[in-house]
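Data first, discussion second: the structure below is written as C-alpha cells.
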Amino acid sequence: MRSLVEAMAPDGGTIVARLFRALREGVRSGHLEPGVVLPSSRRAAAALGISRNSVNAAYELLRAEGLVAVDRRRAPVVTRVERLVDPAGAAGEGPALSARGRTQCGDLRTRLYADASGRFRPGAPDEPLFPRDLWARALRRAARTALGPMRAYDDYAGAPALRRALADHLRRERGLVVAPDDVVVTASSQAALSLLAACLCDPGETVLIEEPGYLGARAAFETAALRVAPLPVDEAGADIEAATGRTGARLAYVTPSNQYPLCTRMSLPRRAALIAWARAARAVVVEDDYDGEFHWRGPEAGAMQPLAPDAVVYLGSAAKSLLPALRIGWMVAPRPLASALARAVRNAGCAANVHAQLALAELIESGAWKLHLRRVTRTYETRARLLVEAIRAAAGDRVEVALPPGGLQLSVRMESLADEAAAVAGLGAAGYAVARLSGFSAGEAPVAGLLVSFAEADGPRATAFAAALGRSLGPREGRG
C-alpha cells in the first residue's frame with residue numbers, strides 16, 4: 001500500500017477520490033492482478049494515515065465498477081478485469097456531429113464582428129441600469145414562496161402569476177388580444193423560435209425571413225431542416241408581395257415594430273398584406289417584438305397581433321428591458337396552439353426558472369417594472385440622440401444615420417462594403433463590437449454599414465466612438 005501514497009497526488013481531489021483512482025489504475029494496468037487480496041480497511045487506513053471510512057468508501061467505488069469483490073467478513077479481492085480498452089492505444093477522434101448537429105452547433109453571428117467582446121454590441125442592454133436591489137428583493141420573496149404544482153412538472157406554460165401579469169401588461173401597453181391561457185413562457189425568444197420551427201413546420205418546408213434579417217431566426221429554422229426564403233425589406237418594412245418564395249411557405253418571421261437590423265417600421269398596408277397572405281396560405285406570422293418596450297419617435301408602434309390574433313404568434317422577452325441572462329421569454333399564440341406549445345416546452349426542456357418568473361410577475365403587478373421601463377426608455381432615447389449627433393459630426397456625409405424609432409441599436413448605412421470592412425476593422429481594434437450590416441443578408445446585394453448599440457452611449461462614450469468611426473473611414477477628401 002505504500003506505493004499508493006506516492007500515486008495519490010495531493011492536488012487530485014478528495015482523499016477518497018485519490019485512493020480510488022490509484023487503486024483503479026493499479027488494477028487496470030495489471031499491477032494488481034486478479035485474485036490479489038487488498039489490505040483490510042483497518043490495515044490500509046493505518047498504513048496511509050487516513051480514516052477507515054475513507055478507505056471503505058474507495059473500496060465501495062471499486063466494487064461498483066466491478067474491479068473488486070467486497071465481503072464484510074474478508075478483505076477485498078481483485079476480480080478478473082477484461083481489457084476492453086487499451087490505455088496505450090491511439091485516441092479516437094471522438095463522436096461525430098450529425099448534419100443537423102453541425103447546423104445546430106454553428107454560429108452565424110461570427111461573420112458579424114471583428115471582435116464580439118467589445119462595447120456597443122447590438123442587442124445588449126446597459127447592465128448598470130438593471131434594477132439590482134429591486135430584483136434581489138423580488139427574487140428573495142419568490143424563493144420563499146410555496147410553489148405547489150410548479151415545484152415539479154406542472155405549469156410548463158409558465159407560472160400562472162406571470163402569465164396573468166404578462167397578459168394584462170401586453171393588453172395595456174402593446175394592445176394585444178390576449179388572455180393568460182394564450183401566454184407560454186420560455187427561456188428566451190430563441191427557444192421560442194426553435195419550438196415554433198419544430199411544431200409548425202416539417203423538414204424541407206419553406207419559411208420566410210426578412211432580408212436582411214435576424215440571424216437567430218435563420219439558425220432556428222435551418223437547424224429544423226427548413227428551407228429559408230427571403231422576405232425583402234425596404235423603408236416600409238417587409239414586403240410579402242416581393243417575396244418570390246411565398247408560395248407554399250408555412251411561416252413568415254418579421255420584426256415589424258423595429259426591423260432588425262435596419263431599424264425601420266413596417267407600414268400598416270404591408271402588415272395587412274402579410275396577414276392576408278397568411279390567412280390565404282394557412283400560414284403563421286411570427287411577430288418578434290424584441291424591444292417593444294422602447295419606442296419614442298413617431299406615432300406609437302402597435303403590435304401586429306391585434307390585427308389577426310388567429311394568424312400571428314407574438315414573441316417577447318425580458319432580455320432588453322432587464323437582462324438577457326435572466327432567460328425569460330414568452331409567446332402569445334392562438335389558444336389551441338398555446339396548449340400544444342406548452343407541452344413542447346416540457347419536451348424540449350426550455351422552461352424558464354420558476355423563481356425568476358415569480359420575481360418578474362411581482363415587478364409587473366406592483367408597477368415597478370413599468371417605472372423601470374420609463375426610466376431606461378428616457379435614458380436610451382437620450383443616448384441614441386447623442387450617438388446620432390456624434391456620428392454625424394465625426395463622419396458627415398460618409399455615412400447615413402437616422403434616429404431609430406426605439407430599441408437599443410441604430411443602423412449606420414455606408415456607400416460600399418469596403419467602407420464597412422474598414423469601419424468594422426478599425427472599430428474592432430478600438431474595442432467596439434459593432435456588427436456589419438452585410439452579415440445579416442443572405443442575398444447577393446447586401447446592405448453596407450454597421451449595426452451599433454447605443455445602450456452604453458453616454459456623452460463621452462458617444463464622442464469617443466464617433467471619433468474612432470471617423471478615423472476608421474479615413475479622410476473626407478476624395479470621396480464622391
**Message:** Taking ring pair (Phe, Tyr, Trp, His ring centres under 6.0 Å) as the definition, give me every residue that meets it alongside W369, ordered by chain and number, with sequence neighbours left out.
**Reply:** H169

**Prompt:** Do any N or O atoms from the side chain of E222 and from the backbone of T103 form a donor-acceptor pair under 3.5 angstrom?
**Reply:** no

**Message:** Tell me whether D126 is salt-bridged to R383, with the criterion being a basic N under 4.0 Å from an acidic carboxylate O.
**Reply:** yes

**Message:** Any salt bridge linking R385 with E381? Criterion: basic side-chain nitrogen under 4.0 Å from a carboxylate oxygen.
**Reply:** yes

Could you give the side-chain donor-acceptor pairs of residues 357-367 under 3.5 Å, partners two or more places apart or in another chain?
residue, atom, partner, partner atom, Å
Q357, OE1, A159, N, 2.7
Q357, NE2, A352, O, 3.0
E362, OE1, R141, NE, 3.2
E362, OE2, R141, NE, 2.9
E362, OE2, R141, NH2, 2.4
S366, OG, E362, O, 3.0
S366, OG, L363, O, 3.2
S366, OG, A368, N, 3.3

**Closest heavy-atom pair and its distance - I209, R218** = CD1-N, 3.5 Å

Cut-off 3.5 Å, no hydrogens considered: what does the side-chain donor-acceptor table look like for residues 313-320, sequence neighbours left out?
residue, atom, partner, partner atom, Å
Y314, OH, D289, OD2, 2.6
S317, OG, A319, N, 3.1

Can you see whether [X] engages [Y] through a side-chain donor-acceptor pair at a distance of less than 3.5 angstrom?
X: S188; Y: R327; value: no
X: Q409; Y: S453; value: no
X: E210; Y: T255; value: yes
X: S54; Y: S51; value: yes

**Message:** Can you confirm whether more than 12 heavy atoms, excluding those of R42, are under 6.0 Å from its CZ atom?
**Reply:** no

**Request:** Name all pairs fulfilling the ring-ring contact (aromatic ring centres under 6.0 Å, His included) condition that reach into residues 195-223, sequence neighbours left out, sorted by first residue then second.
**Result:** Y214-Y260

**Complete:** Residue set satisfying salt bridge (Lys or Arg N to Asp or Glu O under 4.0 Å) with D182, at least two apart, ordered chain then number -> R335

**Request:** Only counting residues at least two apart or in another chain, list the ones meeting salt bridge (Lys or Arg N to Asp or Glu O under 4.0 Å) with R24.
**Result:** E65

**Option from L410, V434, L451, L408 for which side-chain contact (heavy atoms from CB on, under 4.5 Å) with P122 holds** = L451

**Fill in**
Separation between OG1 (T382) and CZ (R378), nearest 0.5 Å, reads 9.0 Å

